[in-house]
Amino acid sequence: MTSRDAKEALGKFTRRQLMELDTCAHCALCTEYCPVYMETEEPGHAPGVRSSKAVKLYDKQHGLRARILGPRPVTDEEVEELSDSAFNCTFCGRCMEVCPFGIQTHELWSKVREVVHDLEGTPRNVGMLEEMLDESQNPYGLDPDSRLDWADFTDLEEIPEKDKAEVAYFVGCTTAFKGANHEVAFATASILNMLGEDWTLLGEDEWCCGSPLLLAGDEHSAKEYAKHNVEVLESRGVKRLITGCSGCYRVFKWEYPKLLGGDLKFEVLHTLEYLLEKLESGELKPEKTDERVIYHDPCELSRLGGLIDEPRKVLAYLANDWVEFAEHGIDVRCCGGGGLLQASNNEARLAIAKKRLDEAKSLGAEIITSACPSCKLTFVDSAREHEVDIEVLDLVELVAKQLGIL
Amino acid sequence: MALNGALSALYSFFVTKLPYITIAVFLLGVTYRLQRWLSAPKGPEGPPLHWPSALKYVVLDVVLFRKTYKTDKLMWLVLVLFHIGTGGILFGHMRGFHLWSASMFEVLGHGFAEFMVHTLPLYMGWMFLATQIYLLYRRTRLEGKQLQSLANDYGALVILLITSILGQGMRIFPPEAIPTETYSVVFIPNLIVLHLEKVPSHHWFFWHVLFTQLLVMYLPWSKLVHVVSGVATSALYGSRRRKYDL
Ligand code: SF4
Ligand code: SF4
């Protein structure tokens, strides 16, 4: 790493982000709301400490002293520290929500990861994930032609893969490749079939949405993935894109226009927005369960995606008895499953989820539901690891169950 | 009180020369800060400013400290009192620069005017000091555990604390004299002239003058820049909420 590279990497902070770094008072008002810090109690994992470290490195290369006397080298140890801080974060955005200055930490931490990536400080596991994406267009390194295996495993009868369709179901890697989520895909596909929708899967043409690349700080590659997916969808004449993954949803809806420099030609919907439409129109008529259900807001869908009321409206069609976590909606506490924490600190991920599961149990919930395959996987893994007895279902699965499909 | 020659020259420097240096350093700092931000890449992010939402969250978060209220009630109280103290003290100083006068409060009775110009500032000063000491204490208590301060995080607080201690000292230590006319201190002729009812205790006064100017000089270079940039970040946050329909 030459000092020119370091200067260039650290020079990536945008105007707003630099102003935010200068505004951060290192007040620690966000610290006790950070799920990762609260689990590890490592000072370096506190959001405000990350901001201190970032601005310190920035100033070494671009600060006043650097301008007058020349930049000072950024040491490997400093890069490692920044990397440890940056990757011990679920990207939940809670710190933004409690920051008295409204610092938009989601984008800021993203930029810090990009800087770490350019400073060659990406943790090994995350680097491997990038390599797997390179080889197989999914972060699990699985053969791209096994992307539709979930349909075989779940005995789905109709598997449409059309050249032209109104609606495309973007399954997402964590749903397609992780057994715990196969029924989410099955439920979605079955409901689309049941409604006689003109829909298609993208099969091998579906590439990862690019979210893990953005989380790894590789915006350049994420752009390629965005370009590919949009081209595939447009070539099939898709008008509505449906995805059940809150990560894919957020990236398609909020990041693609930024990455590609313009609006998309199709509408982006989370599956539950689509389901709500069908529930409200009376096309879907589920029975209500009497089991007590609790809904966990996926951070990427709620605070970072803008869908807070919709899942609750769906839930009202499904359950007679549903309860809320103390921290929900825009103030939701992360499940631990975001930000590639599984790759950098799986122990923390599972422990964070356990707290959420314990709270659900203490509220008497029999089913914990969410609207994100990452949340579901994290809850399932944690419940198994920590022996918590609770049923974990995606909201789409719950719809299918109450419709008698699952 | 007679001052020895060197000290007298120093005090005279604080009043007659330093203000020019203060203004120059302050302006240089503002230029540096703006240049620092503007030289960074523009970036694709960020919705255009949506004024109603921006204003809403500036009021909620900057004026009323909504988020701090949600997260830490004690800190909220301290911040509210600290900012009331800041506002009150700035307002009080304006009287010295003839931007308002005690007669303004006379309509509400002489006793009230007395309270506003003599009693309240003293208590406000103690309150202001107490909140600063708490902020400093809190920072040191969390240092290395939940936060990692940079030198300028402490720098701003320490200069402010010294300035406030000196200012409060002026209030509680006996004045040198009570002149028949107001006692004027000319910082910049016809522009910055301070009018005092009492000739203050010199040492407290002149060192207070020095530290106030150091604070002004330090403002754009230090963490205190959040006084301005915090409004901008909150406005941008408000626009973001609008964009995400939250
Ligand atoms: S985004 Fe979430 S996990 Fe990351 S620093 Fe902020 S609160 Fe902590
Ligand atoms: S709450 Fe905001 S200003 Fe305070 S440390 Fe966290 S990010 Fe910085």
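Convention: sequence-line order gives letters A, B, ...; per-chain numbering from 1.
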>> Does E114(A) form a side-chain contact (heavy atoms from CB on, under 4.5 Å) with H220(A)? I'd like the steps, not just the answer.
In response: CA-CA 10 Å; E114(A) 206 180 318; H220(A) 180 75; over 6 Å; no
>> Only heavy atoms, only distances under 4.5 angstrom. Which residues in residues 216-231 of chain B are near chain A?
In response: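 Residues W221(B), K223(B), V225(B), H226(B), S229(B), G230(B) are the ones that qualify, each having a heavy atom under 4.5 Å from chain A.
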Engaged part of [X] at the chain B interface, taking heavy atoms whose separation is under 4.5 Å:
X: D309(A); answer: neither
X: L307(A); answer: neither
X: L259(A); answer: neither
X: L21(A); answer: backbone
X: I308(A); answer: side chain
X: K253(A); answer: neither
X: I330(A); answer: side chain

>> I'd like to know which of R66(B), K67(B), R33(B) tops the heavy-atom pair count under 4.5 Å against chain A.
In response: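 Max contact count across the listed options: K67(B).
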>> Please rank L150(B), T68(B), D61(B), V58(B) by heavy-atom pairs under 4.5 Å with chain A and give me the top one.
In response: L150(B)
>> Does anything in residues 17-28 of chain B form a side chain to side chain donor-acceptor pair (under 3.5 Å)? List the pairs, not counting sequence neighbours.
In response: T22(B)-Q213(B)
> Is the shortest distance from a Lys or Arg side-chain nitrogen in K53(A) or E81(A) to a carboxylate oxygen in the other one below 4.0 Å?
Replying inline: yes
> Quick one: do E78(A) and K56(A) make a salt bridge, cutoff under 4.0 Å?
Replying inline: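 Looking at E78(A) and K56(A), the cut-off is not met.
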> salt bridge (Lys or Arg N to Asp or Glu O under 4.0 Å) between R94(A) and E327(A): does it pass, once the steps are laid out?
Replying inline: CA-CA 11 Å; R94(A) 187 79 194 274; E327(A) 294 162 293; 2.9 Å; yes
> Under the side-chain contact (heavy atoms from CB on, under 4.5 Å) test, which residues partner S149(B), sequence neighbours left out?
Replying inline: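 side-chain contact (heavy atoms from CB on, under 4.5 Å) check on S149(B) returns R139(B), E143(B), L147(B), D153(B), Y154(B).
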> By a 4.5 Å heavy-atom criterion (distance strictly below it), what part of Y32(B) contacts chain A: side chain, backbone, both, or neither?
Replying inline: side chain
>> Given heavy-atom pairs under 4.5 angstrom as the criterion, report whether the side chain, backbone, both or neither of L142(B) touches chain A.
In response: side chain
>> Within the supplied structure, the quantity of interest is the number of heavy atoms (other residues, nucleotides, ligands) at a distance under 6.0 Å from K223(A) NZ; does it exceed 12?
In response: no
> Taking the six-membered ring of Y69(B), is the NZ or CZ of K73(B) close enough (under 6.0 Å from the centre) and on axis enough (within 45°)?
Replying inline: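 Judged by the rule (NZ or CZ under 6.0 Å from the ring centre, within 45° of its axis), K73(B) counts as positioned above Y69(B).
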>> Testing the basics here: between S246(A) and L301(A), what is the closest heavy-atom pair and its distance to 0.1 Å?
In response: CB-CB, 3.7 Å
>> For E310(A) and K313(A): C-alpha separation, side-chain torsions, deciding distance, then whether salt bridge (Lys or Arg N to Asp or Glu O under 4.0 Å) applies.
In response: CA-CA 5 Å; E310(A) 292 80 351; K313(A) 287 184 187 161; over 6 Å; no
>> One pair to check against salt bridge (Lys or Arg N to Asp or Glu O under 4.0 Å): K111(A) and E107(A). What are the steps and the verdict?
In response: CA-CA 6 Å; K111(A) 188 60 78 181; E107(A) 283 84 358; over 6 Å; no
>> In terms of relative ring orientation, are H62(A) and Y58(A) parallel, tilted or perpendicular, with 30° and 60° separating the classes?
In response: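 Because their plane-to-plane angle is under 30°, the rings of H62(A) and Y58(A) count as parallel.
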> Between F205(B), W207(B), F211(B), F187(B), which is the residue that forms a ring pair (Phe, Tyr, Trp, His ring centres under 6.0 Å) with F14(B)?
Replying inline: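 Of the listed residues F205(B), W207(B), F211(B), F187(B), the ring pair (Phe, Tyr, Trp, His ring centres under 6.0 Å) partner of F14(B) is W207(B).
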> Can you check salt bridge (Lys or Arg N to Asp or Glu O under 4.0 Å) on E224(A) and K227(A), steps first, answer last?
Replying inline: CA-CA 5 Å; E224(A) 308 251 306; K227(A) 216 166 140 231; over 6 Å; no
> Which residue out of G63(A), A25(A), G11(A) racks up the most heavy-atom pairs below 4.5 Å with chain B?
Replying inline: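 The option with the most such pairs is A25(A).
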> Residue by residue, which of residues 32-51 of chain A have a heavy atom closer than 4.5 Å to a heavy atom belonging to chain B?
Replying inline: E32(A), Y33(A), Y37(A), P43(A), A46(A), V49(A)
